[in-house]
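Worksheet: the structure to be examined is printed underneath.
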Amino acid sequence: MLLDIFDPKAPPTPLGIDLGTTNSIVAYVSDGRPVALVTCDGTSLLPSVVHFSAEGSVVVGAAALGRATREPARTLASVKRFMGRGADDPETERLGSYRFAAATTEEERRMVRFDTGSRVVTPVEVAAEILKSLRQSALDQLRKVGGVVITVPAYFDDAQRQATRDAGRLAGLEVLRLLNEPTAAALAYGLEKKRNGTFAVFDLGGGTFDVTILALEDGIFQVRSTGGDSALGGDDMDRALAESLLTQMGATDSASRTPEVVSLVLAAARSVKHALTDAEHTEVELPARGGGDVRIRVERAELERLIAPLLERAGRACRRALRDANLAPDALDGVILVGGATRVPRVRAYVAEVFAQPPLTDIDPDLVVAYGAALQADLLARASDDVLLLDVLPLSLGVETMGGGIDKILPRNTTIPAGAKATFTTYADNQTGFELHVVQGERELAGDCRSLARFSLKGVPPMPAGMARLEVEFHVDENGLLAVTARELTTGVTQRVEVKPSYGLDDAEVERMLIDALDQGEGDFEKRRLVDARVESERVLLATEKGLRADADLLEPPERVEVDRAIARLRGVLGGESPGAIQAALDGLDAATHAWAGRRMNRAVQSAIEGRAVTDIERRVERAQGVEAHLAQHAGKAT
Amino acid sequence: MVAGTPSLFADGSRSPLSDPFETLGLAPVFELDSATLERRHRELSRALHPDRYAGRSSGERQQALGRAIEVNEAFRTLRDPVRRAEALLARHGRAVAESGGMPADPALLMAVMERREALGEARRGRDLAKVRGLAWAVREREQRVLAEMGKAFVQLPPDFARIEPLLGELRYHHRFLEEALAIEDELDEKPA
């Protein structure tokens, strides 16, 4: 068995990563089942904390957490809250021990930067350190790692998604896909239990809350609606309880609420919350005002009273998600719990009330997202057609119009990948350019929404107002990432502008940081490019050969000659040392197979419409029997 | 033009990415069975979703992405009765722009204005039940318009003289319902 694992010819193992606010987890699939890997801390939960020491070393996980109280500025926790955020974001004003670096240039204002004393770092770089640590753990145990699926909250906007993908690239990972956390959780449940139906995922993490309604039918998970509150989580429960404890300690004024006292009481609140998961009451000892200790007894009912307003906020998001999906609560076939905060008994009871049924709790709520990510990574790597995930755009995308309003081009809850074209015109006579401002959010005014990008289209000949026609096209890919193009139509002057992110990094910046990182002892950048180009080539060659076995009849004889020639050319340069030559040969193969690929897609469409192959149907029958067996087993357990 | 000031004027026009009926391989009819539409969308997603092309060349992935986007946009278009009617009118070479339509029936305009006033009043009075009641009445009215529109589209050639004003009315109802939902959310969010 061990020999199998370390077989040098074994394919690399795809990974699923839950990059969490509080903890991060890496998982993979073994014999069809997801397994969480042990991280550098010896457990599967790696605290999402990074310490930058004065000597220049980087420490991740429990060891970093241990240094948080002594060197708070050098120790960064909960950076997920800052992913894709600008230096002036309101998030930077919430309670925390961060020291922010002053932004002097426009470029620096685009992204939060932490001053750790010896080094200024961005949230992307901090997240990359967590990902590097997880990658190293996986390498140690699996030897060869393949592409990764990284999960993001369903509510993450484009800038936050871009930042997460950049962190993955910076950590030297091939990011196959960004996957929404609730969808990942549903995948973990759906695959293992083989159930069909409509489900709700209630995800209450450390800092965010998400609710997603999705349907599983014919092996396709389709998200019906999603909603949430990006500033509601288990941390808020701790804060509410800490506030009550501080009052009971007599620490009512700001003078007695020193950072040391607040952090002590917050930690006490967290342990009280955990203790009350099983116990009806607990006691905690805290320093009293004016010296000595005070013992405070906390009843579970007291905690429940304190968190009631928080649950009410979550409940509203749930009702809205149900309404957006056109469903009554009792129409759901199951409710899945995700996130450590769902361990609180009152949360479970509340979920049962809102959705009129007890939630499913079979899978550990801390691991379920990583499991789903691992399953998706495995599906993608195997090009499996067992399950397909259809996610939605969480927040509307639009363009700012005259007067600060918004023209929504893609509304929230649109299935992705998505695209739409809208036409605009000039407002003033002889206007020779367009200023395009892309925003994301539900508010009516552009100033209240998230600004994603600004760019201008110039060189429009002077025309009376309303004559020029600007066509704006939005494309959102399967990861929820946006690309915008704009063209001026009337004059035949067709210009195409690729959107540049206002927040986050552009490709050149990521490349530069990657070179810097590699220069610091992780090997040569050119060597990395060569390895990447070879891996990509091997995969494309494999896929092309598989395609030739299945659909060679769709190639005209001269095309076949071209394809064979392009394959031979790629094989010829693959052993060489030039990544550029390999890339060129790869592009050549791409061009030679373009028309054929289109015909193969048409065939796939035809067979999807005309009904599936017999073997496929048989497999589905087997699966249906699996469902029955599972339900019978479940019924047996219940009696 | 002041630099940095968006100077775009939205006329509400959208250009379809493709003919949605052709993209989904469905007969161009107004009365479309929603189960059939959903099944077809799933079948085509199964064939074209980018996840199915994860191991392929970047060109092939791009091609699949473009086609999957067309499929999803066609699905979104046909699910919405207003956009479905617009797509059918476009197939007959009729103008679909909102502003280019003929003037609305004065009686309809009057009724719309009265309902909007009532909605505004309910919002000011924070009367959630009233907001829901108004939305319910409009939804009922919308159903009647849809049924009438279905009949007008079945005729060969379709009865455009009837369809176009009905489409205008449908748009009013749509906007009203959107606004009512937004008000419901607002009242739910900040309870008095």
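Just so you know, these numbers come straight off a predicted model, no measurement behind them. A, B, ... follow the sequence lines: proteins, then strands. Residue 1 opens every chain.
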Do you know which of A:Pro417, A:Ala604, A:Ala543 has the most heavy-atom pairs under 4.5 Å to chain B?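 Between A:Pro417, A:Ala604, A:Ala543, the count favours A:Pro417.
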Which of A:Lys546, A:Arg313, A:Arg320 touches chain B most, by non-hydrogen pairs under 4.5 Å: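 Counting heavy-atom pairs under 4.5 Å, the top option is A:Arg320.
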What do you reckon, is [atom1] of [X] surrounded by more than 12 foreign heavy atoms closer than 6.0 Å?
{"X": "A:His594", "atom1": "NE2", "result": "no"}
{"X": "B:Arg144", "atom1": "CZ", "result": "yes"}
{"X": "A:Arg469", "atom1": "CZ", "result": "no"}

With a 4.5 Å cut-off on side-chain heavy atoms, are B:Asp185 and A:Arg316 touching?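 A:Arg316 does not reach B:Asp185 side chain to side chain.
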Decide yes or no on side-chain contact (heavy atoms from CB on, under 4.5 Å) for A:Ile220 and B:Glu43, but give the supporting numbers first. CA-CA 10 Å; A:Ile220 296 184; B:Glu43 288 163 353; over 6 Å; no
Chain B contact via [X] - which portion, at a heavy-atom distance below 4.5 Å:
{"X": "A:Gln222", "answer": "side chain"}
{"X": "A:Asp429", "answer": "neither"}
{"X": "A:Ala418", "answer": "backbone"}
{"X": "A:Ile409", "answer": "both"}
{"X": "A:Arg319", "answer": "side chain"}
{"X": "A:Glu442", "answer": "neither"}
{"X": "A:Ser384", "answer": "backbone"}

Set out, in order, the CA-CA distance, both residues' side-chain angles and the distance that settles side-chain contact (heavy atoms from CB on, under 4.5 Å) for B:His41 and A:Leu390, then state yes or no. CA-CA 11 Å; B:His41 176 243; A:Leu390 294 180; 4.0 Å; yes
In sequence, state the C-alpha distance, the side-chain angles, and the governing distance for A:Arg224 and B:Glu38, and then conclude on salt bridge (charged side-chain N to carboxylate O under 4.0 Å, His left out). CA-CA 12 Å; A:Arg224 298 280 183 201; B:Glu38 281 183 21; 3.7 Å; yes
Test log, rule side-chain contact (heavy atoms from CB on, under 4.5 Å), inputs B:Glu184 and A:Arg323: CA-CA 11 Å; B:Glu184 261 185 51; A:Arg323 187 199 64 200; 4.1 Å; yes
Derivation of the side-chain contact (heavy atoms from CB on, under 4.5 Å) call for B:Leu17 and A:Glu473: CA-CA 9 Å; B:Leu17 301 178; A:Glu473 188 166 354; 3.8 Å; yes
So if I take each residue of residues 51-84 of chain B and look for any heavy atom under 4.5 Å from a heavy atom in chain A, which residues do I end up with?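 Listed by number, the contacting residues are B:Asp51, B:Arg52, B:Tyr53, B:Ala54, B:Gly55, B:Arg56, B:Ser57, B:Ser58, B:Gly59, B:Glu60, B:Arg61, B:Gln63, B:Ala64, B:Leu65, B:Arg67, B:Ala68, B:Ile69, B:Asn72, B:Glu73, B:Phe75, B:Arg76.
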